[in-house]
Protein chains: 2
Amino acid sequence: MEILDAAAELFAARGFHGVSIEDIGGAVGTSGPALYRHFSGKEALLAEMLLDISERLHTSATSRVTEAPDAEHALDALLTGQIEFALSHPALIIVHDRELGNVPEPARRRIRRLQRLYVEEWVTVLSELYPDCPPPRLRAATHAIFGLLNSTPHSAGELDPAAMAELLRGMARAALADAQS
Amino acid sequence: MEILDAAAELFAARGFHGVSIEDIGGAVGTSGPALYRHFSGKEALLAEMLLDISERLHTSATSRVTEAPDAEHALDALLTGQIEFALSHPALIIVHDRELGNVPEPARRRIRRLQRLYVEEWVTVLSELYPDCPPPRLRAATHAIFGLLNSTPHSAGELDPAAMAELLRGMARAALADAQS
DNA sequence: CGGAGATGTTAGTCATTATTAACGTTACCG
DNA sequence: CGGTAACGTTAATAATGACTAACATCTCCG
């Protein structure tokens, strides 16, 4: 939805509390309280946004993994998915890992759950690939890889997207291969 | 200073606009407006905090690099410094790369400058190590490495600090070696 | 002693802002 | 038509929060 896209850009730039309902309304051409026809409140808007993001990441991951012929290809597919998402929706990436704390409790739990499932998708594939590496280490490595891949908003403009994708994929691959040892 | 430390924790947890002057005062045992005896305002407090962080990172980096016998050791020293900092001051790391947008203009420029110098310190060392790799690619790789190393707040508790440091160092080394190609 | 300076306190002030109220308008459907 | 639902508008309302004012303390040094 247009409202969620505009809100995501604003939240990414100034943070949840740094953006007013008026700001969001203004960004979509309406003024302020019109948004209450679509969302029950500012927090609900954020909740729906984060829920949507974590759902997209998670379902894309599971479908890619189940379609992959082996763990090697599954990892490649996971990398592709995350890199694609990070490069094409930098604002969503930023909001996704900054603003969970502002989501009220009922929705917060569901988002955390999806995030956890997404991480476990990675850990499962990595466990198959590197069976000697203990899961906690793989989990930490996975978070590190997310940090690496999600760095893309910070280095905007240095490289064109294709080169950036290639660079990130290579670095992530190498880092994971090392993490196993 | 105690005030800055408390404010850093709060800013990291709830974001600049999500923390009130009262909150910060409460966290250090005084109440609210007492802070104006030490800072001219909320933004000035944030500015001093970010300035201090970027100064520490930058000066530590230059001193480590100039003391290193060669580029290989210099890179090791840079990795050590960043990992140490990220592991021991997770809140500062978070604030440092989230809240620059809330610093008012005079100070903002100085902070950006220090951050840029810090990045260039890395790029210079990497250029010496991988002379065939174009600087923009090295710059993007450097940002990616920061993302990887700064992931530590997200995977708190998975591994003990020593194991975490070792893991991150290995992954970063491997990722950088790959980035050159 | 006495007064200056550093540091705290509580009670305003004033702006911002989330949310609700009250009130159109348009489009579609019986 | 007529009326209902979807969507917008411009006022309140009410809370929060940054910052200032006015007023203690306390310490330290002459």
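Chain identifiers are assigned alphabetically (A, B, ...) following the order of the sequence lines, protein sequences preceding nucleic acid strands; residue numbering begins at 1 within each chain. The structure displayed is predicted, hence computed values, not measured ones.
- Atom CE in B:Met1 sits about 10 Å away from atom P in C:dT7, given to the nearest Å.
- Side-chain contact, B:Asp97 with B:Gln115: no donor N or O sits under 3.5 Å from an acceptor N or O.
- Looking only at atom types and distance, the side chain of A:Asp70 has a donor-acceptor partner in the side chain of A:His73 under 3.5 Å away.
- Rounded to a whole Å, the CZ atom of A:Phe39 is 18 Å from the C1' atom of C:dT20.
- Nearest to the side-chain atoms of A:Pro33 among the listed nucleotides D:dT20, D:dA11, D:dG17 stands D:dA11.
- Remark: C1' of D:dA15 and CD1 of A:Ile21 are 15 Å apart, rounded to the nearest angstrom.
- Nearest-nucleotide positions on DNA chain C place B:Gly29 closer to the 5' end than the other of A:Gly18 and B:Gly29.
- A straight line from CD of B:Glu43 to P of D:dG17 spans 16 Å, rounded to a whole angstrom.
- No contact: B:Val28 has no heavy atom under 4.0 Å from any strand.
- You'll find that the side chain of A:His38 is closest to D:dC7, out of C:dT20, D:dC7, C:dT9.
- Distance from the side chain of A:Ala34 is smallest to D:dG8 among D:dA11, D:dG8, C:dT9.
- As rounded to whole Å, 11 Å separates atom P of D:dA21 from atom CZ of B:Arg37.
- In this structure, the side chains of A:Thr80 and A:Arg64 come closer than 4.5 Å at one or more pairs of heavy atoms.
- If you measure from atom CG of B:Leu45 to atom C1' of D:dA18, you get 13 Å, rounded to the nearest angstrom.
- B:Gly41 comes within 4.0 angstrom of sugar-phosphate atoms only, judged by non-hydrogen atoms across all strands, and of no base.
- At the phosphate of C:dA18, neither OP1 nor OP2 sits under 4.0 Å from any side-chain N or O atom of A:His17.
- To the nearest angstrom, P of D:dA11 lies 18 Å from OH of A:Tyr36.
- Atom pair B:Leu35:CG and C:dT10:C1' shows a separation of 15 Å (rounding to whole Å applied).
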